[in-house]
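Input: a single structure, listed below in structure tokens.
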Amino acid sequence: MGEMLREKYVRQPTPFCAGCGHGIFMNAFLHAADEMGLDFRGTVFVSGIGCGAWVPSPHFRADTLHVTHGRAIAFATGVKLARPELNVVVISGDGDIATIGGNHLIHAARRNVPIKVFCLNNLVYGMTGGQVSATTPQGDITSTTPQGNPERAFDLVALARGAGAPYVARFPVVRARKLTKGIINALRFDQFAFMDVLSLCPTQYGRANRAKLGFEGPSLIWGMLEWQKEVCVNREKAGPEEMNGKILIGEWYAES
Amino acid sequence: MSKDRTFTIQLDEDLCKGSDCYICVNACPKGVFAEGERITPKGLRPSQVKDPDECIGCEICEFLCPDLGITVEEVGGTERVITSTPKGGATAPASGGWTTVQSSLDPGTHYMIGDEACAEGAIAAGCRFYAGYPITPASEIMVHMAKRLVQTDGVFIQMEDEIGSMAAVIGASWAGIKSMTATAGPGFSLMTENVGYACMTETPCVVVDVQRAGPSTGQASRPASGDVMQAKWGTHGGVEIIALAPWSVQEMYDLTIKAFNLAERFRVPVILLADAVTGHLRESFQVEETMELFDRIKVPGAPPFGSDDESGVPSMPSFGEGEELLITGSTHDRYGVRKTADPVVHERLVKRISKKIIAHMEEITDYELYFEDGAQRVVVAYGSTARSALWAVKAARERGERVGMLRLKSLWPFPGELIRDWGRRCEEFIVPETNLGQISQVVQQHTANPVSLVSQTNGEIMDPRRVRDFLMGRKSH
């Protein structure tokens, strides 16, 4: 199906590094879009600055709005309010959406603007050279935290839920089928939807933390994908002990 | 997934990024893929399909390939048909240009504050989207728009800050709706990055800056004209901009309409540089029965970011028209394709988005002359300061001074030719300003005549006596 998805939805090959998690998300997103019959002509993709922002722009054969750093959700709010009949989808990274643009995220969740936000969370600023982000786990190595990140990371699911988002989800790219189903659920949801997509950056985050986190395996990216499988547990299936120290994945609908 | 079914696996070697990835090699539970042996001209070693007969059709390789380079299909399975939607809109007729419309306000005399007249001008111009954030002395524009946009089926939103306000305004403009925001100095500072984005993406919109005494929080309810240079140079990169300066409630209405027309005509953000006096002053103004409005030119299928004319304004499509728009603040070619390292494309773009303004100077420039007959000295004034200046010029004329006045209604692009022309006819220029001297410096750039600044930065309306005394003092020496 890869070839068909490319021909139908993608303008050109991506410039992402080998093994980039954002590419896996892009793949899942297009599988989801095709399965649900998302009308690309009636969809506007909004993205900010950073590697994640390059997933829709310039790649998707749809209207794309590639904006200033951190402001994708605010631009998307304007588009959606002006033309409610359009699907408005934000795809951008953790630096863009959760760090510089965090204020717009919580206010869009509070307002319940019916846009869909996919935060491609690779735990680091990839494009600018591996600097710490608001989602970098405490203790991890980045180019601006050479002795380990002294700050705590945002739990984006808790943040979005606390701000009132009626649909919140988190899926790792390694669980590509679950991720695809989640994307469909988010796109079909008729209110504000937020997804913390656990992506991976082998180039910046992987190399810096290979020794610390023990990304083992025949290749760095494969080691990271295996690590994702290990640290993520399904929130619905796991018991309290299994959840301990793990990253919960799944979907959280607000009780209405 | 039973083995009585067989599958074909296509792997696109041109897309495969090779040994640093090899996700497929590691992910396949049946060992269908192997590390590559061939090195491509790009220096990559793509993976290879070694054992296709082993494939059980789980498609994990296809799903996890970051480059969409793998296609798994069942032999004899349902053939997938590509039903790509064709690029559309080409059959729609071109639209846009000048039209004469009935005024939305009743013709005749109205009485309100400048901020409200500005909002009424916006409604009259067809503005149906407002995003803003409260700030003195501009809040009354927002409050009035909140009410009027409900009545006109428009959209109003109070955003979380001025950065988001400017962003939402640009988003709405690309959705096809005339949009605006209003603010004052501190908020204008926050908006400037996205004002630059609007310049680069050629997005029509109107930004009203009801100037107050700065810097920083300064005196929130007091007038000043300290943001004149900020309007011109505030956004990084340096590009031409259009800014208008109303001096009355009448012009808060008229120049807001003009601002929308210029924004739509040239596909630019237009700054309306009001101040706390013109914003809060309450006086009467006249509304005509009909008015001229310009709507952005739309030629379906035309390149949205380029023109064969080096000072041309491209056609502007909207979202949802099937144009597959590529809108970006990065350097882009005429179709919006990013060209972030191409010197020719960058220079051509930066020059055109400035030339489209400079080359239409005559259409943009707006001014009024007072007592120009035999004027040896010319006062150049703008905004509310021009009210004080005109009183002073009249007073000096009554005492026999040969003083005239040029009132600039458009500040940017600066009408340098007008100054050069007057410089040949008069002996000197006097520029009263409620800042430390901004337009006075620009006037000096366009004339060899002496240019005197009458500066007042006390948060008060320009004291007319200060200007008069300056004019008279010169005579007595």
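Here is how names work: the chains are called A, B, and so on, in the same order as the sequence lines, proteins then strands, and each is numbered from 1.
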For this session: Check each atom of A:I49 against the heavy atoms of chain B and say whether the ones under 4.5 Å are side chain, backbone, both or neither.
Result: neither
Exercise. Is any side-chain heavy atom of B:C65 less than 4.5 Å from a side-chain heavy atom of A:N27?
Worked result: yes
Seminar exercise, completed: Value for CD1 (A:I221) from CG (B:N26), rounded to nearest 0.5 Å, stands at 10.5 Å
For this session: Tell me, for A:L86 versus chain B, whether the close heavy atoms (under 4.5 Å) come from the side chain, the backbone, both or neither.
Result: side chain
Exercise. Angle class for the A:F75/B:Y197 ring planes (parallel below 30°, perpendicular above 60°, tilted otherwise)?
Worked result: perpendicular
Exercise. Is chain B contacted by the side chain of A:P84, its backbone, both, or neither, given a heavy-atom distance below 4.5 Å?
Worked result: neither
Seminar exercise, completed: Residues B:S318 and A:D63: closest non-hydrogen pair is O-OD2, 4.3 Å
Exercise. When rounded to the nearest 0.5 angstrom, what distance separates CG in B:L326 from CZ in A:R61?
Worked result: 10.5 Å
Exercise. Under a 4.5 Å heavy-atom cut-off, does chain B meet the side chain of A:V88, its backbone, both or neither?
Worked result: neither
Exercise. Say you draw a straight line from CG of B:D161 to NE2 of A:H104; how long is it, rounded to the nearest 0.5 Å?
Worked result: 5.0 Å
For this session: State, yes or no, whether a side-chain contact exists between A:L65 and B:F319 at a heavy-atom distance under 4.5 Å.
Result: yes
Exercise. Based on non-hydrogen pairs under 4.5 Å, which of A:F16, A:F45, A:F25 is most in contact with chain B?
Worked result: A:F16
Problem set entry | For chain A, the option from B:I60, B:V155, B:L64, B:V25 that forms the most heavy-atom pairs under 4.5 Å | B:L64
Problem set entry | Side-chain heavy-atom pair A:R41, B:E323 within 4.5 angstrom cut-off | no
Seminar exercise, completed: On a heavy-atom basis, the closest approach of A:W222 and B:A27 is CH2-CA, 3.4 Å
For this session: Could you look at A:L225 and say if it's the side chain, the backbone, both or neither that has a heavy atom under 4.5 Å from chain B?
Result: side chain
For this session: Compare every heavy atom of A:H66 with every heavy atom of B:S330, then report the nearest pair and how far apart it is.
Result: OG-CE1, 3.7 Å
Exercise. Is B:F63 close to A:T180 at the side-chain level, that is, under 4.5 Å between some pair of heavy atoms?
Worked result: yes
For this session: Give, as side chain, backbone, both or neither, the part of B:I157 having an atom under 4.5 angstrom from any heavy atom of chain A.
Result: side chain
For this session: Find the one option among B:M166, B:E62, B:E35 whose heavy-atom pairs under 4.5 Å with chain A are most numerous.
Result: B:E62
Seminar exercise, completed: Checked A:S57, A:C17, A:C20, A:S47 vs chain B; the most non-hydrogen pairs under 4.5 Å come from A:S57
Exercise. Is there side-chain contact between A:S219 and B:D20, with at least one heavy-atom pair below 4.5 Å?
Worked result: no
Exercise. Side chains of A:M1 and B:E59: closer than 4.5 Å at any heavy-atom pair?
Worked result: no
Problem set entry | Interface residue of largest heavy-atom contact number with chain A, from B:V169, B:I170, B:D67, under 4.5 Å | B:I170
Seminar exercise, completed: The reported gap from NE2 in A:H69 to CD in B:E193 (rounded to nearest 0.5 angstrom) is 9.0 Å
Exercise. Can you tell which of B:A175, B:G196, B:G176, B:G329 has the highest number of heavy-atom pairs within less than 4.5 Å of chain A?
Worked result: B:A175
Problem set entry | Option in A:N103, A:I24, A:T14 with maximal non-hydrogen atom pairs under 4.5 Å from chain B | A:I24
Exercise. Which bit of B:I177 is near chain A, if near means a heavy-atom gap under 4.5 Å: side chain, backbone, both or neither?
Worked result: side chain
For this session: Measure A:H31 against the heavy atoms of chain B and call it side chain, backbone, both or neither at under 4.5 Å.
Result: side chain
Problem set entry | A:V44 portion near chain B, given a 4.5 angstrom heavy-atom threshold | side chain
For this session: Please check if the side chain of A:T68 supplies one atom and the backbone of B:N194 the other of a donor-acceptor pair under 3.5 Å.
Result: no
For this session: For residues A:R71 and B:I163, determine if any side-chain heavy atom of one lies less than 4.5 Å from a side-chain heavy atom of the other.
Result: yes
For this session: Identify which of A:V174, A:V79, A:T203, A:L220 forms the greatest number of heavy-atom pairs closer than 4.5 Å to chain B.
Result: A:V79
Problem set entry | Shortest non-hydrogen contact between A:R6 and B:G69, atoms and distance | NH1-CA, 3.8 Å
Problem set entry | Toward chain A: residues of residues 8-17 of chain B with heavy atoms under 4.5 Å | B:Q10, B:D12, B:L15, B:K17
Exercise. Is it the side chain or the backbone of A:R110 that comes within 4.5 Å of chain B heavy atoms, both, or neither?
Worked result: neither
For this session: Report the distance from atom OG1 of A:T77 to atom CE of B:M159, rounding to the nearest 0.5 Å.
Result: 5.0 Å
Exercise. For chain A, which of B:P66, B:S165, B:A131, B:A168 has the most heavy-atom pairs under 4.5 Å?
Worked result: B:P66
Exercise. Hey, are the side chains of B:R338 and A:W54 touching, using non-hydrogen atoms and a 4.5 Å cut-off?
Worked result: yes
Seminar exercise, completed: When rounded to the nearest 0.5 Å, the distance separating CG of A:L5 from CG of B:L68 is 6.0 Å
Problem set entry | Flag if over 12 foreign heavy atoms under 6.0 Å of CD, B:Q158 | yes
